[in-house]
Amino acid sequence: MSETDDDGQQPPIPGYQPPPGPGYPPPGPSYAQQGPGYPPPGPGYAPQPGSGYAPPPAPGYAPPSAPGYAPPSAPGYAPPPGTGFGYPVPPAPSTGALPWALGLIALFPIPFVGSLAASITMIVAARTPRQQVPSARENANRAANWGLTYLIATVLLVGGHFSALFVADRIHGFLPFGFIILSWLAISVVHIVFSIVGWVQASQGRRVAVTGLPIFR
C-alpha cells in the first residue's frame with residue numbers, strides 16, 4: 001500500500017514531469033513565451049525548430065527573389081514624339097520676319113544676281129499662308145512691297161546701264177553716264193539697311209516702319 005499525503009494524494013515521484021495538456025506548446029527556450037522585459041537572446045543563439053521565434057531581418061537586407069522573376073514596373077506614360085511633358089507644343093506664331101531676312105541674299109557676291117534673287121524670294125516668302133496670319137500679315141506685306149520696289153529699280157537701272165553701253169557710240173569718261181549704276185548701288189545699300197531693320201523689328205513683334213510701293217495689302 002503506497003504512502004499518501006495528508007490530503008489523500010500521492011507525493012510526486014522525483015524527476016517526473018507531467019505531460020502537457022492539449023494545445024499547450026512544449027516548454028522550450030522560445031522568445032515569444034518569455035515575459036515582458038526579458039532581454040532577447042544573445043549573439044549566436046539559434047532557436048529550436050518549432051519554437052515560433054523568427055529573428056528580425058538585418059537593416060538593408062532584401063530577401064532574394066525567385067530565379068527569373070522580375071517585379072512588374074509601375075504603369076507609366078510615354079509622351080508622343082515632338083511633345084513636351086505629355087502636352088503638344090504649339091508652334092511659335094509668325095511675325096513676318098522671314099521675308100525681311102531673305103532680303104540679305106542681296107549680299108551674294110555675284111553682282112545683280114543676288115539683288116534679283118533677294119527681291120523675288122522676299123515677294124514669294126511674304127505671300128505664303130504662314131506669313132499671312134493676322135499677326136504677321138502687315139510686316140510680310142511691307143516686305144513684299146519693298147522687295148517689288150527693289151526689283152523694279154534693279155531691272156530699270158541695271159538694264160538701262162547695259163543698254164546705254166551697247167547703244168551709245170562713244171562715251172567720254174565715267175560721268176555723267178556712271179550716275180545710273182551709282183544710283184543702283186545707293187539703292188542696294190538702302191535695301192540692305194531696310195532688310196536688317198525690318199528683320200529686327202519683326203522679330204521683336206513690332207510693326208516694321210519701312211515699306212515700298214503699296215501693291216500688297
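Just so you know, these numbers come straight off a predicted model, no measurement behind them.
- In the hydrophobic clustering of this structure, L107 groups with L185; members are Ile, Leu, Val, Met, Phe, Trp, Tyr whose side-chain heavy atoms approach within less than 4.5 Å, directly or through other members.
- Looking only at distances, no side-chain donor or acceptor of N141 sits under 3.5 Å from a matching main-chain atom of F216.
- Taking all atoms of both residues into account, the shortest heavy-atom contact from S119 to G147 is CB-O, 3.3 Å.
- Checked against F194 for a ring-ring contact (aromatic ring centres under 6.0 Å, His included), the options W146, W100, W199 give a single hit: W146.
- Here the straight-line distance linking atom OG1 of T121 with atom CD1 of I105 works out to 3.5 Å at 0.5 Å rounding.
- Closest heavy-atom contact between S188 and S115: OG-OG, 4.3 Å.
- In this structure, A140 and Q132 approach most closely via the heavy-atom pair CB-NE2, 4.2 Å.
- Shown here for S195 and L104, the closest heavy-atom pair between the two residues is CB-CD2, 3.9 Å.
- In the hydrophobic clustering of ILVMFWY residues, with side-chain heavy atoms under 4.5 Å counting as a link, V197 and V200 come out apart.
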**Message:** Determine whether V155 and L116 satisfy the following criterion, side chain to side chain contact (heavy atoms under 4.5 Å, CB included), listing intermediate values before the conclusion.
**Reply:** CA-CA 8 Å; V155 172; L116 295 175; 4.2 Å; yes
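- Among all heavy-atom pairs drawn from G96 and A136, the shortest one is N-CB, 3.3 Å.
- The hydrophobic clustering, which links ILVMFWY residues whose side-chain heavy atoms are closer than 4.5 Å, places V193 and V210 apart.
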**Request:** Tell me, with the steps shown, if H191 and M122 meet side chain to side chain contact (heavy atoms under 4.5 Å, CB included).
**Result:** CA-CA 12 Å; H191 167 76; M122 287 179 69; 3.6 Å; yes
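- Atom-to-atom distance recorded for S183:OG and L156:CG is 12.0 Å, nearest 0.5 angstrom.
- Residue I120 holds its CD1 atom at 12.5 Å from CG of L102, rounded to the nearest 0.5 Å.
- Note that CG of L148 and OG1 of T211 are 10.0 Å apart. Values are rounded to the nearest 0.5 Å.
- Linking ILVMFWY side-chain heavy atoms closer than 4.5 Å, directly or via other members, places L213 and I187 in two distinct hydrophobic clusters.
- The structure places CG of L98 at 12.0 Å from CG of N139, a figure rounded to the nearest 0.5 Å.
- Clustering ILVMFWY residues whenever any of their side-chain heavy atoms sit less than 4.5 angstrom apart, transitively, puts I152 in a cluster other than the one holding L182.
- Residues F112 and W184 place their aromatic rings such that the two centres sit under 6.0 Å apart.
- Atom CD of residue Q131 and atom OG1 of residue T95 lie 7.5 Å apart, to the nearest 0.5 angstrom.
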**Item:** Candidate pair R207 and Q201, rule side chain to side chain contact (heavy atoms under 4.5 Å, CB included), full reasoning
**Value:** CA-CA 7 Å; R207 178 176 178 268; Q201 291 180 345; over 6 Å; no
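- Closest of all the heavy-atom pairs between A106 and A118 is N-CB, 3.5 Å.
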